[in-house]
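Here's the structure, in structure tokens; my notes come after.
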Amino acid sequence: MDYIGIDIGSTASKVVVKGDHDIHFVLPTGWSSKETCQTIKDRLLEDSVDVLSDDSKVVATGYGRVAVDFADHVITEITCHARGGREMAGDECAIIDVGGQDTKIILVSDGMVQDFQMNDKCSAGTGKFLEIMANRLGVTLQELFDMADKGTVLPISSLCTVFAESEVINYIGEGQKREDIAAGVVDSVANKVAQLAMKKNLPDKVILTGGLSNSTYFTKILSQKLGQTVSPTEHGRYAGALGAALLAKEKKKR
């Protein structure tokens, strides 16, 4: 039996298979979640996993979860990310998930979701903001972090992505060092994520999931902002898909 978790995010789609096969991969969501689902279906079939088989159970989650028309169950992001995060960090933890379009703070106690908090509709405290700024500086996301680590923070005060980008353009026009601009960009996002997280009473164990989850630099800055350790996770971007796969298996047992 294969248990398949599919997390259709706004920028990236993650897939985890547990059971007879052990598979995980990520691909861009693109403009059409429907097309992405077909690509996932075809790719899994290449690995001898047929999502339509009676030997497969599929749980879909994420921004585009309703587009997964072959899913046996559709489950919310909070539930799936909490289940995946619990697998990574234990039954008592906080999960900070920085996604493409939103940021989620999920508190898990006794293995269950105790509370959660999400940001508003603005993308200024998300991975999309960092992608936009990296593109503006002509670097990759990893290069942005590497530059930021060598720079001194230039303040970016705008809460809106559009206005913040204008601030970055002004800094570029002034001839400010790219390292200092990069440090300001990362500091700005870390500030917004920390402000969201501090609305909750965080436990001792805090992990970072999402696209930034394996960045030691971002977790270092975020830890400083929160005044406690935030641990990076090697496969943290798969937290939602992992949780979906585990829930597919657990639903089967019931």
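Across Val168 and Arg136, no two heavy atoms sit closer than the pair CG1-CG, 4.0 Å. When all heavy atoms are compared, the tightest approach of Leu130 to Leu141 is CB-CD1, 3.6 Å. Listed here is the closest heavy atom pair of Ile8 and Val68: CG1-CG2, 3.9 Å. Here the shortest heavy-atom pairing between Ile95 and His81 reads CD1-O, 3.7 Å. Nearest heavy atoms, Asp54 versus Met1: O-CE, 3.4 Å. In plain terms, the two heavy atoms of Val98 and Leu208 that are nearest each other are CG2-CD1, 3.9 Å.
Side-chain atoms of Asp149 do not come within 3.5 Å of backbone N or O of Phe145 as any donor-acceptor pair. The closest donor-acceptor contact from the side chain of Glu92 to the backbone of Asp110 lies under 3.5 Å.
Two different hydrophobic clusters hold Met112 and Ile78 under the rule that ILVMFWY side chains link at heavy-atom gaps under 4.5 Å.
Paired with Glu77 under the rule salt bridge (Lys or Arg N to Asp or Glu O under 4.0 Å), one option of Lys104, Lys14, Arg83 passes, and it is Lys104. Residue Leu44 is tested with Asp2, Val51, Thr39 for a side-chain contact (heavy atoms from CB on, under 4.5 Å); the sole match is Val51. Between Ile96 and the choices Ile207, Leu196, Val206, Leu212, the side-chain contact (heavy atoms from CB on, under 4.5 Å) rule is met once, by Val206.
A donor atom on one side chain and an acceptor atom on the other are found under 3.5 Å apart for Ser13 and Thr29. A side-chain N or O of Asp42 and one of Gln38 form a donor-acceptor pair less than 3.5 Å apart.
Side-chain atoms of Lys57 and Lys251, non-hydrogen and from C-beta on, never get closer than 4.5 Å to each other. In this structure the side chain of His73 never reaches within 4.5 angstrom of the side chain of Leu247, judged on heavy atoms.
Using a 4.0 Å cut-off between charged side-chain N and carboxylate O, Glu46 and Arg43 make no salt bridge.
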